[in-house]
Amino acid sequence: LKEKLKDTSVTWDLNMAMLSTVSRCASRPSRSWRWAAAPLVRAQLSFRRQNVDVLPDLIVPPTYPTQTEKLTSLDVSMKYYPGVTAHNFYRGQLDIPALKAAFTRVVAKNPLLAGRIRTIAGSDELEVHFDGAKGCPFYERQIAPDLEEQLEGFSNEMLATKPVEWELMVERLGIVSTGIGEAQVDKDGPLCTVSCVVGKNMSVLSLSVSHLLGDGSTKFQVLQQWDKEFMEPGSSYTLAGREAVIETDNLVKSAYTPWERAAMDAFYPKLHERHYISRNLKDYNMVAVHLRDADLARIKADQMKIAGEGSKFSTQDAIVAWIGSTLQAKWFAFTVDLRGRAESLPPNACGNAFQTWYGTPAAGPGSFSPLDVRRVIKATGANCAPALEEALFNGLEDSIDVLG
């Protein structure tokens, strides 16, 4: 793998057991670094002891729904996944009282965030209820001066070359996430947590949403509503329900053959879950890369030579093909948002509303083209039999799973 990466201009580190993805973005009230742990990292961090040495304020809505909300089978499939969490790093100090007031208004319009999850009697199904303990913990703490100095010294490039050191520093911040879904079911674990960590020159704002309650889009929408409330009080809205998720899922799968539908049901979530949980992270070498605009342009240009001049594909298609060829993968999978694929499922739906699509490189294992990815997208996940055969018989070995 070192040899394959030698001719690239990305930075890399093979002596690690975790992978983190980093992107720089513009964010109010000041420029920030928004960091989202990759699934492997989130799983690793969720099993570590969370540093909870301060009592949080509990954000509760003025009223609660009178009915429970049943979770879908897609929601339940996230039982062994950690919460969807993002840390936002800001220059300067945040207005914590204003942030807390804004978040309180978001929770008032979306009381599901303050609920708890329990098993429906006599079944394996789950529901959000509002009995007993409820509310969203809001943590406030100070950054230790020495830790703040270390964090300020980190650049985007260092996040790729020293990812383990970065993870350990972030852990010292004492950010509290919702944790793994299993720890919430019938245990009154919170479904949404906030951590505000403030130093002399920088601040960290973290939002974590239970993966049982919703996916990355759900978390982003809560973050977006919080941003709206902070900038303009009263401007947020209630997220739509999850009632049409399974209907949309079935609609997309209606183009699949009976064997493909059966194979997908057999592999995910049960078989995938078994392989995912049984992994020993100490046996995994992961690679962290920091891709600049020039790197992305070069990767896409190289992939154009493989696909043929004039071929139409996205930069993400090119990156997936580059990774697949570099790692000599036999098959690939990526998640696709179901929102907007049926009129009944609105873009602002709360819940796990995604599918996983599978594909193989037409030229054989390890010989990827961006058109392999584009072909799966055009077919909306159909014609997935070759990839699912590999998945069913060999599990997650020699595969890549893209979340983006």
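The analysis underlying the following values was restricted to heavy atoms, covering all of them including side chains, and did not include hydrogens, waters or symmetry mates. Being a predicted model, the structure only gives us computed values, none of them experimental.
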- Note on the structure: Residues Arg141 and Leu173: closest non-hydrogen pair is CD-O, 2.8 Å
- CD/Gln224: more than 12 non-hydrogen atoms of other groups inside 6.0 Å: yes
- Enter the distance from Asp249:CG to Phe354:CZ here, rounded to the nearest 0.5 Å. 9.5 Å
- Within the side chain of Arg116, is there an N or O that forms a donor-acceptor pair under 3.5 Å with the backbone of Gly135? yes
- Query: Does the ring center of Tyr276 lie less than 6.0 Å from the ring center of Tyr81?
  - Reply: yes
- Item | Test: Lys219 and Asp215 ion pair at under 4.0 Å | no
- Query: CG of Asp283: more than 12 outside heavy atoms within 6.0 angstrom?
  - Reply: yes
- Rounded distance (nearest 0.5 Å) linking atom CD1 of Ile246 with atom OG1 of Thr72: 4.5 Å
- Side-chain heavy-atom pair Val128, Leu191 within 4.5 angstrom cut-off: yes
- Task: Can you measure from CD1 (Ile59) to CZ (Phe103) and round to the nearest 0.5 angstrom?
- Result: 7.0 Å
- Query: In terms of the angle between their ring planes, are Trp166 and Phe89 parallel, tilted or perpendicular, with boundaries placed at 30° and 60°?
  - Reply: tilted
- Note on the structure: For Ala240 and Pro346 the tightest heavy-atom approach is CB-CG, 3.5 Å
- Item | Contact check, side chains of Val84 and Thr218, non-hydrogen atoms, under 4.5 Å | no
- Between Lys109 and Tyr237, is NZ or CZ placed under 6.0 angstrom from the six-membered ring centre and within 45° of the ring axis? no
- Query: Between atom CG of Leu223 and atom CG of Leu207, what is the distance when rounded to the nearest 0.5 Å?
  - Reply: 5.5 Å
- Task: With side chain to side chain donor-acceptor pair (under 3.5 Å) as the test, would you mind laying out the steps for Asp317 and Ser314 before giving the verdict?
- Result: CA-CA 5 Å; Asp317 298 342; Ser314 69; 3.2 Å; yes
- Identify whether the distance between the nearest side-chain nitrogen and carboxylate oxygen of Asp146 and Arg172 falls below 4.0 Å. yes
- Determine whether the aromatic ring centres of Phe332 and Phe368 lie less than 6.0 Å apart. yes
- Which atom of Val106 lies closest to which atom of Glu229, heavy atoms considered: CG2-CG, 3.7 Å
- Query: With side chains defined as the heavy atoms from C-beta onward, is the minimum distance between Phe230 and Leu99 less than 4.5 Å?
  - Reply: yes
- Under 3.5 Å, is there a donor-acceptor pair between the Asn110 and Thr238 side chains? no
- Message: Could you check whether Ser217 and Gln221, counting side-chain N and O atoms only, form a donor-acceptor pair closer than 3.5 Å?
- Response: yes
- Message: We want to know whether Asp75 and Asn352 form a side-chain donor-acceptor pair, criterion being a heavy-atom distance below 3.5 angstrom.
- Response: yes
- Query: Which heavy-atom pair separates Pro370 from Ala321 by the least distance, and what is that distance?
  - Reply: N-CB, 3.5 Å
- Item | Asp188 and His129: CA distance, side-chain angles, deciding distance, side chain to side chain contact (heavy atoms under 4.5 Å, CB included) verdict | CA-CA 10 Å; Asp188 284 340; His129 71 93; 4.2 Å; yes
- Message: Could you work out, with ring pair (Phe, Tyr, Trp, His ring centres under 6.0 Å) as the rule, every residue matching Tyr268, not counting sequence neighbours?
- Response: His272
- Between Ser210 and Gln184, is any side-chain donor less than 3.5 angstrom from a side-chain acceptor? yes
- Task: To the nearest 0.5 Å, tell me how far Thr315 OG1 sits from Gln303 CD.
- Result: 11.0 Å
- With sequence neighbours left out, the residues meeting salt bridge (Lys or Arg N to Asp or Glu O under 4.0 Å) with Glu140 are Lys100
- Given side chain to side chain contact (heavy atoms under 4.5 Å, CB included), test Leu296 with Trp322 step by step and report yes or no. CA-CA 10 Å; Leu296 296 175; Trp322 173 64; over 6 Å; no
- Message: Would you say that Thr360 contacts Asp372 through its side chain, given a criterion of any heavy-atom pair below 4.5 Å between the two side chains?
- Response: no
Please output the side-chain donor-acceptor pairs of residues 378-400 that fall under 3.5 Å, not counting sequence neighbours, one pair per line with the distance.
| from | atom 1 | to | atom 2 | distance (Å) |
| --- | --- | --- | --- | --- |
| Glu390 | OE1 | Asn394 | ND2 | 2.8 |
| Ser399 | OG | Leu396 | O | 2.7 |

- Task: Could you tell me whether Lys70 and Glu125 have a side-chain N and a carboxylate O separated by less than 4.0 Å?
- Result: yes
- Query: Are any non-hydrogen side-chain atoms of Lys312 and Arg374 less than 4.5 angstrom apart?
  - Reply: no
- Task: Describe, in one word, how the ring planes of Phe130 and Tyr64 are oriented to each other, choosing from parallel (under 30°), tilted (30 to 60°) and perpendicular (over 60°).
- Result: tilted
- Check: Val176 main-chain N/O paired with Ser195 side-chain donor or acceptor under 3.5 Å: yes
- Task: Examine distances only and state if a side-chain atom of Arg105 and a backbone atom of Ser236 form a donor-acceptor pair shorter than 3.5 Å.
- Result: no
- Query: Does a side chain donor of either Ser206 or His87 reach within less than 3.5 Å of an acceptor in the other side chain?
  - Reply: yes
- Check step by step if side chain to side chain donor-acceptor pair (under 3.5 Å) holds for Ser77 and Glu273. CA-CA 8 Å; Ser77 72; Glu273 191 175 275; over 6 Å; no
- Message: Does Ile120 form a side chain to side chain contact (heavy atoms under 4.5 Å, CB included) with Thr68? I'd like the steps, not just the answer.
- Response: CA-CA 10 Å; Ile120 298 176; Thr68 61; over 6 Å; no
- Query: In terms of side-chain geometry, is the basic nitrogen of Lys253 or Glu260 positioned less than 4.0 Å from the acidic oxygen of its partner?
  - Reply: no
- Query: Is it true that the side chains of Gln355 and Trp357 contain a donor and an acceptor less than 3.5 Å apart?
  - Reply: yes
- Query: Rounded to the nearest 0.5 Å, what separation is found between the SG atom of Cys350 and the CG atom of Leu113?
  - Reply: 7.0 Å
- Under 4.5 Å between any side-chain heavy atoms of Leu112 and Glu69, yes or no? yes
- Message: Using every non-hydrogen atom in the two residues, find where Gln93 and Gly199 come nearest and quote the distance to one decimal.
- Response: NE2-O, 2.9 Å
